[in-house]
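One structure is given here, and the rest of the page talks about it.
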Amino acid sequence: MNNSPIGVFDSGLGGLTAVRELMSILPNENIIYFGDTGRVPYGTRSEDTIRKYAFQDAKFLLKHNVKMIIAACGTVSSVAVNLKNDLPVPYTGVVSPTCYTAVRTTKNKKIGIIGTSATIKSHSYKKIIESTDPEIQVIEQDCPLFVPLVENGFISKDDQIVRLVIKRYLSPLMEQGVDTVILGCTHYPIIKEAISSVMGENIALIDSGRETAIYAKKILMENNLLNDSNEKGNASFYVSDTPHGFENVAGVFLGKDIKHEVEQINIELY
Ligand code: DGL
């Protein structure tokens, strides 16, 4: 048993998709969240820059004595693959747990993968899926406008701009007849309703944040690191730019008001 917090990070709001799930399946756990809002997006940057940012983010969380680190970020999970080796605590990214579920979900063996440009360029999801089941056809698509839309609060399924951008990126996947789509960037589940409304409810959308939270619980159990307190856990939120925009969208997404609970830090010190 270990009552230290779980550390979760992302470039911005996306990792909250894992946090929301962690709060639901592990309500007694304490969580420290870092969203690198001063340097978002990660997905259009070079591999070296993404790796540098990922190491700094993890270092910040380790300062808070976390018992596990979750890179709730498809881009970091795809590019900073060595991060795991340099950490003194258990770690997971989002790619493997998400592929695991997608392979078990598809019926027609056609899976679409959407993510940031860096993630799609790495073929991280595609490689795992094809090595698990070579009969599965994988169609990849990067969606670089999704992250700025989410970070700026454009998340409603009724917003015409949101619908138009989704249609533009996802039409090729629909034309190819995929029955399952991996939301390979953790920002995307925030617009899951809108994606589903454009693509149709018969397409299974696999939420990388959710699958990763479920996998993190397994790791904590296996390592005997679960929190044994009976009290509800606390969540603390840190960002690297002004908290205002983050607080607004995060509050809507988490279904709770976190105004004045988000602290700004200088990530360049780590
Ligand atoms: N949410 C992240 C991901 O899963 C990062 C998106 C970005 O910063 O470009 O890829």
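First listed ligand is number 1; within each ligand, the first listed atom is number 1. The structure presented is a predicted model; accordingly, all values stated were derived computationally and were not measured.
- Ring orientation note: the planes of Phe60 and Phe34 are tilted relative to one another, at an angle of 30° to 60°.
- Taking any N or O of Thr116, backbone or side chain, none lies under 3.5 Å from an N or O belonging to ligand 1.
- Around OH of Tyr100, the count of heavy atoms belonging to other residues, nucleotides or ligands within 6.0 Å does not exceed 12.
- For ligand 1 and Ser11, the ligand atoms under 4.0 Å from any heavy atom of the residue are 5 (C), 6 (C), 7 (C), 8 (O).
- Nearest to atom 7 (C) of ligand 1 among the protein's heavy atoms is Tyr42 N, 3.3 Å.
- Ligand 1 places these atoms under 4.0 Å from at least one heavy atom of Val40: 8 (O).
- The neighbour count for Phe237 CZ, taken as heavy atoms of other residues, nucleotides or ligands under 6.0 Å away, is above 12.
- Residue contacts with ligand 1 for Thr75 involve both N, CA, C or O and side-chain atoms from C-beta outward (heavy atoms, distance under 4.0 Å).
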For Arg210 and Glu21, what are the C-alpha separation, side-chain angles and deciding distance, and is it a salt bridge (Lys or Arg N to Asp or Glu O under 4.0 Å)? CA-CA 6 Å; Arg210 175 183 152 80; Glu21 198 61 28; 2.9 Å; yes

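- For ligand 1, the atoms lying closer than 4.0 Å to a non-hydrogen atom of Pro41 are 7 (C), 8 (O), 9 (O).
- Using a 4.0 Å cut-off to heavy atoms of Gly74, the atoms of ligand 1 that qualify are 3 (C), 4 (O), 10 (O).
- In terms of protein heavy-atom proximity, atom 1 (N) of ligand 1 is nearest to His187 ND1, 2.7 Å.
- By the 3.5 Å distance cut-off applied to N or O atoms, Asp10 is counted among the residues near ligand 1.
- The Cys185 neighbourhood of ligand 1 comprises atoms 1 (N), 2 (C), 3 (C), 4 (O), 6 (C), 10 (O), with distances under 4.0 Å to a heavy atom of that residue.
- Counting heavy-atom neighbours within 6.0 Å of Phe253 CZ, excluding the residue itself, gives a total above 12.
- In this pair, Tyr169 and Phe146 present their aromatic rings perpendicular. The plane angle is above 60°, beyond the 30 to 60° band.
- A distance-only check finds a donor-acceptor pair linking the side chain of Arg163 to the backbone of Lys157 [under 3.5 Å].
- Counting atoms of ligand 1 from 1 in the listed order, those under 4.0 Å from a heavy atom of Gly43 are 7 (C), 8 (O), 9 (O).
- Electrostatic pairing of Asp57 and Arg39 counts as a salt bridge here, judged by a charged N lying under 4.0 Å from a carboxylate O.
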